Amino acid sequence: MKNFSEKVFEVVRKIPRGETLSYKEVARRAGNTKAARAVGAVLRTNFDPKIPCHRVIRSDACLPEGRGLGGYNRGAKQKIKLLEKEKAVWGS
DNA sequence: CATTTGACGCCAA
DNA sequence: TTTGGCGCCAAAT
């Protein structure tokens, strides 16, 4: 049994290239479906290039850019760029 | 140790 | 359909 943050790191690390998971999904895999918020808090605090946190997006990311895909410790701009580069498709 | 903040999500009006 | 409010969890102050 690991701490929530550790589980989150594992799940995010397991995300295959070109795939995207919502915070809710990651939280669910981590053990708490309602901990979507906590997932963001952990990812924001812990920097780690081994963890493609840019593949973790909001559930309502399909909405107008006003909300964006969520934040990113390296800049939301970079996050979107990476997703596009990975040919990842999330909503639409 | 208690309180506030925040990369979220869903329900109600 | 769009806007507002509530709930949940973990980390920071």
Side-chain angles (χ1 to χ4, degrees):
Chain A
M1 196 53 177
K2 294 163 147 167
N3 294 328
F4 189 81
S5 45
E6 290 291 315
K7 293 194 212 165
V8 172
F9 292 127
E10 263 189 87
V11 174
V12 177
R13 199 182 308 167
K14 282 171 173 120
I15 301 176
R17 174 174 145 327
E19 282 296 308
T20 50
L21 281 178
S22 59
Y23 291 96
K24 192 187 175 322
E25 287 291 292
V26 177
R28 193 172 70 79
R29 288 185 181 203
N32 282 310
T33 313
K34 311 174 231 112
R37 228 170 160 164
V39 174
V42 173
L43 291 175
R44 189 181 205 244
T45 313
N46 292 268
F47 283 74
D48 199 315
K50 294 285 287 171
I51 298 174
C53 35
H54 61 266
R55 291 193 189 146
V56 184
I57 63 174
R58 287 178 62 112
S59 300
D60 46 342
C62 49
L63 270 106
E65 296 181 17
R67 292 140 233 243
L69 297 167
Y72 190 48
N73 38 32
R74 275 184 98 202
K77 191 90 174 285
Q78 188 62 27
K79 180 174 182 177
I80 298 168
K81 214 170 179 178
L82 284 161
L83 288 171
E84 292 287 309
K85 205 171 159 80
E86 303 281 320
K87 305 289 192 298
V89 185
W90 55 92
S92 60

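All values reported here derive from a predicted model rather than from experimental measurement. Proteins get letters first, then strands, A, B, ... in listed order; numbering begins at 1 in each.
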Practice item. Check the hydrophobic clustering (I, L, V, M, F, W, Y; side-chain heavy atoms under 4.5 Å; chains of links allowed) and say if A:Tyr23 and A:Val42 are grouped together. Key: yes
Review point. Are the side chain of A:Lys79 and the backbone of A:Gly71 linked by a donor-acceptor contact shorter than 3.5 Å?
Key: yes
Review point. Are A:Glu10 and A:Lys14 ion-paired here, with the side-chain N under 4.0 Å from a carboxylate O?
Key: yes
Exercise for review: Please answer: with hydrophobic residues joined when any side-chain heavy atoms are less than 4.5 Å apart, are A:Leu21 and A:Phe9 in the same cluster?
Suggested key: yes
Exercise for review: Check the hydrophobic clustering (I, L, V, M, F, W, Y; side-chain heavy atoms under 4.5 Å; chains of links allowed) and say if A:Ile80 and A:Leu43 are grouped together.
Suggested key: no
Review point. Is there a chain of hydrophobic side chains (I, L, V, M, F, W, Y, each step under 4.5 Å between heavy atoms) that links A:Ile57 to A:Ile51?
Key: no
Review point. Is the side chain of A:Arg55 donor-acceptor paired with the backbone N or O of A:Ile15 at a distance under 3.5 Å, no angle test?
Key: yes
Review point. Can you give the first and last nucleotides of DNA chain B, 5' to 3', that have an atom under 4.0 Å from a heavy atom of chain A?
Key: B:dG6 to B:dC10
Practice item. Indicate yes or no: does A:Lys50 engage A:Asp48 in a salt bridge with an N to O separation below 4.0 Å. Key: no
Revision key, fill the gap. Taking Watson-Crick and G-U wobble contacts under 3.5 angstrom, with | marking pairs to another strand and [ ] crossing pairs, the secondary structure of DNA chain C is written .||||||.|||||
Check your understanding: How many angstroms lie between atom CZ of A:Arg44 and atom CG of A:Asn73, to the nearest 0.5 angstrom?
Key -> 8.5 Å
Review point. Touch check for A:Asn73, heavy atoms < 4.0 angstrom, all strands: base, sugar-phosphate only, or nothing?
Key: base
Practice item. Go along nucleotides 7-13 of chain C 5' to 3' and tag each nucleotide: B for a protein heavy atom under 4.0 Å from its base, S when only backbone or sugar atoms are that close, - otherwise. Key: BBBSSS-
Review point. Got a second to check how far A:Arg17's CZ is from A:Glu86's CD, nearest 0.5 Å?
Key: 4.5 Å
